[in-house]
Amino acid sequence: VVILDDADLEIGMLRIRARGSSGGHKGLASIVQAVGSEEFIRLRIGIGRGQGDRDLVAHVLKPLAQEQEAVMREAVDRAAQAVECILERGVDEAMNRFNARQKPTGETPE
């Protein structure tokens, strides 16, 4: 199971996939190349793209705003639960439980 950030997901959202391409994520592309396969489970944690046309690298490296910290703490807790679910009940069950299209409860409007 590979856990990674994803700027294409709203902050705090989770997305689990059983396999697939890197989707342009350079870190994931590096793992695919090193492993020699796209056949591994990935759990993406949304970090959003930030506001405006800010450079994505700057956004990824910028410290979280105080209101975002609670959202990310909740997301990390849910991600840990998702990994436990994957290991105990399988990836399909985890996808059904954690890929819901709802905003994290700690999220505040930007």
K.L.:
Please round to the nearest 0.5 Å and tell me the distance separating atom CD1 of Ile11 and atom CD of Glu74.
P.N.:
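Between Ile11 CD1 and Glu74 CD, I get 11.0 Å after rounding to 0.5 Å.
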K.L.:
Using 0.5 Å steps for rounding, measure from the CZ atom of Arg78 to the CD atom of Gln81.
P.N.:
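It is 8.5 Å, given to the nearest 0.5 Å.
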K.L.:
Hydrophobic cluster membership, with links at side-chain heavy-atom distances under 4.5 Å among I/L/V/M/F/W/Y: are Leu64 and Leu14 in one?
P.N.:
yes
K.L.:
Taking side chain as C-beta onward, heavy atoms only, is Arg15 less than 4.5 Å from Phe98?
P.N.:
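Answer no - side chains too far apart.
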K.L.:
Hey, does the side chain of Gln68 reach the backbone of Ala65 with a donor-acceptor pair shorter than 3.5 angstrom?
P.N.:
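Between the backbone of Ala65 and the side chain of Gln68 there is a qualifying donor-acceptor contact (under 3.5 Å).
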K.L.:
Given the rule that I, L, V, M, F, W and Y join up when any side-chain heavy atoms are under 4.5 Å apart, are Ile86 and Ile31 in one cluster?
P.N.:
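Each belongs to a different hydrophobic cluster.
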K.L.:
Test salt bridge (charged side-chain N to carboxylate O under 4.0 Å, His left out) on Arg19 and Glu39 and set out the steps.
P.N.:
CA-CA 5 Å; Arg19 66 189 60 77; Glu39 299 293 318; 2.8 Å; yes
K.L.:
Check for a donor-acceptor pair, side chain of Arg42 on one end and backbone N or O of Phe40 on the other, with a separation under 3.5 Å.
P.N.:
yes
K.L.:
Measuring from Glu38:CD to Ser22:OG, what's the distance to the nearest 0.5 Å?
P.N.:
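Result: 7.0 Å between the selected atoms.
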K.L.:
Identify the two heavy atoms, one from Ala75 and one from Gly12, that lie closest to each other, and give their separation to 0.1 Å.
P.N.:
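Between these two residues, the closest heavy atoms are CB-O, 3.5 Å.
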K.L.:
Taking side chain as C-beta onward, heavy atoms only, is Val60 less than 4.5 Å from Ile47?
P.N.:
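With C-beta onward as the side chain, the pair touches.
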K.L.:
Would the distance check show the side chain of His25 and the main-chain N or O of Asp5 forming a donor-acceptor pair, the cut-off being under 3.5 Å?
P.N.:
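Confirmed, His25 side chain pairs with Asp5 backbone.
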K.L.:
Got a salt bridge between Asp8 and Arg49, using NZ or NE/NH1/NH2 to carboxylate O under 4.0 Å?
P.N.:
yes
K.L.:
Verify the cluster assignment for Leu28 and Val1: are they in a single hydrophobic cluster under the rule of side-chain heavy atoms below 4.5 Å apart?
P.N.:
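Hydrophobic grouping puts Leu28 apart from Val1.
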K.L.:
Identify the heavy atoms of Cys85 and Arg97 that sit nearest to each other, and give their distance.
P.N.:
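For Cys85 and Arg97, the tightest heavy-atom pair comes out as SG-NH1, 3.7 Å.
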K.L.:
Group every Ile, Leu, Val, Met, Phe, Trp and Tyr by side-chain heavy-atom contacts under 4.5 Å, then state whether Leu4 and Ile45 land in the same group.
P.N.:
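They do not share one cluster, since no chain of ILVMFWY contacts under 4.5 Å joins Leu4 to Ile45.
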K.L.:
Report the residue from Ile41, Val76, Leu43, Ile16 that forms a side chain to side chain contact (heavy atoms under 4.5 Å, CB included) with Ile3.
P.N.:
Leu43
